[in-house]
Amino acid sequence: MSLYMLQGRYTKEAMSSIITNQEDRTAAAAAACESVGGKLVGMYGVQGQDYHIMAIADMPSLQAYMALYMKIMQAGTFETMKTVNL
């Protein structure tokens with residue numbers, strides 16, 4: 001298994017929805033990781049940075065991580081994302 005850190009910046013619409021509905025997106029992030037055979041290690045809000053969240057995922061392979069990345073991008077929730085291989 002390999003660790004990946006994903007940093008994401010929500011779209012304005014997604015951030016507004018999260019704030020209005022007081023959503024905790026951790027369960028959804030964990031389910032997305034599990035859907036490709038991985039595990040969410042942690043997800044954190046980030047203040048004063050270029051990104052809104054940082055998530056660390058333990059993935060069985062780069063292919064599994066890229067499948068997760070594509071699912072996330074397809075959803076349209078983030079305007080930008082960055083991956084750091086840990």
Could you go through the side-chain contact (heavy atoms from CB on, under 4.5 Å) check for Val46 and Ile53 one step at a time?
-> CA-CA 5 Å; Val46 182; Ile53 64 102; 5.6 Å; no

Could you go through the side-chain contact (heavy atoms from CB on, under 4.5 Å) check for Val41 and Leu3 one step at a time?
-> CA-CA 9 Å; Val41 175; Leu3 291 175; 4.0 Å; yes

CA sep, side-chain torsions, deciding dist, call: Phe78, Arg9, side-chain contact (heavy atoms from CB on, under 4.5 Å) = CA-CA 5 Å; Phe78 291 97; Arg9 181 172 188 78; 5.5 Å; no

Are Met15 and Ile19 close enough, and set up right, to give a side-chain contact (heavy atoms from CB on, under 4.5 Å), and what steps lead you there?
-> CA-CA 6 Å; Met15 181 58 84; Ile19 292 168; 3.8 Å; yes

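Using a 4.5 Å cut-off on side-chain heavy atoms (C-beta onward), Lys39 and Glu34 make no contact. Looking at Leu68 and Met59, their side chains come closer than 4.5 Å, going by heavy atoms from C-beta outward. Annotation: side chain of Asp50 is not in contact with side chain of Thr80 (no heavy-atom distance under 4.5 Å). No side-chain heavy atom of Leu62 sits under 4.5 Å from any side-chain heavy atom of Ser2. Taking the side chain as every heavy atom from C-beta outward, Met54 and Met43 never approach each other to under 4.5 Å.
Put simply, Met1 and Tyr4 are part of two different groups of oily side chains (I, L, V, M, F, W, Y) that touch within less than 4.5 Å, one to the next. Side-chain heavy atoms closer than 4.5 Å link hydrophobic residues (I, L, V, M, F, W, Y) into clusters, and following such links, possibly through other members, connects Met70 to Leu40. Taking hydrophobic clusters as Ile, Leu, Val, Met, Phe, Trp and Tyr residues chained together by side-chain heavy-atom distances below 4.5 Å, Ile56 does not share a cluster with Leu6.
Between the side chain of Ser16 and the backbone N or O of Glu13, no donor-acceptor pair lies under 3.5 Å. Judged by distance alone, the side chain of His52 and the main-chain N or O of Tyr10 form a donor-acceptor pair under 3.5 Å.
The CE atom of Met73 sits 10.0 Å away from atom CE of Met66, with the distance rounded to the nearest 0.5 Å. Taking OH of Tyr51 as the reference point, atom CE of Met5 lies at 9.5 Å (rounded to 0.5 Å).
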Scan the side chains in residues 21-31 for donor-acceptor partners under 3.5 Å anywhere in the protein, sequence neighbours excluded, and list what turns up.
{"from": "Asn21", "atom 1": "ND2", "to": "Ser17", "atom 2": "O", "distance (Å)": "3.1"}
{"from": "Asn21", "atom 1": "ND2", "to": "Ser17", "atom 2": "OG", "distance (Å)": "3.2"}
{"from": "Asn21", "atom 1": "ND2", "to": "Glu23", "atom 2": "OE2", "distance (Å)": "3.4"}
{"from": "Glu23", "atom 1": "OE2", "to": "Ser17", "atom 2": "OG", "distance (Å)": "3.4"}
{"from": "Asp24", "atom 1": "OD1", "to": "Thr26", "atom 2": "N", "distance (Å)": "3.0"}
{"from": "Asp24", "atom 1": "OD1", "to": "Thr26", "atom 2": "OG1", "distance (Å)": "2.6"}

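Results of the side chain to side chain donor-acceptor pair (under 3.5 Å) test with Tyr65 over Asp58, Asn85, Thr83 single out Thr83 as the only residue that passes.
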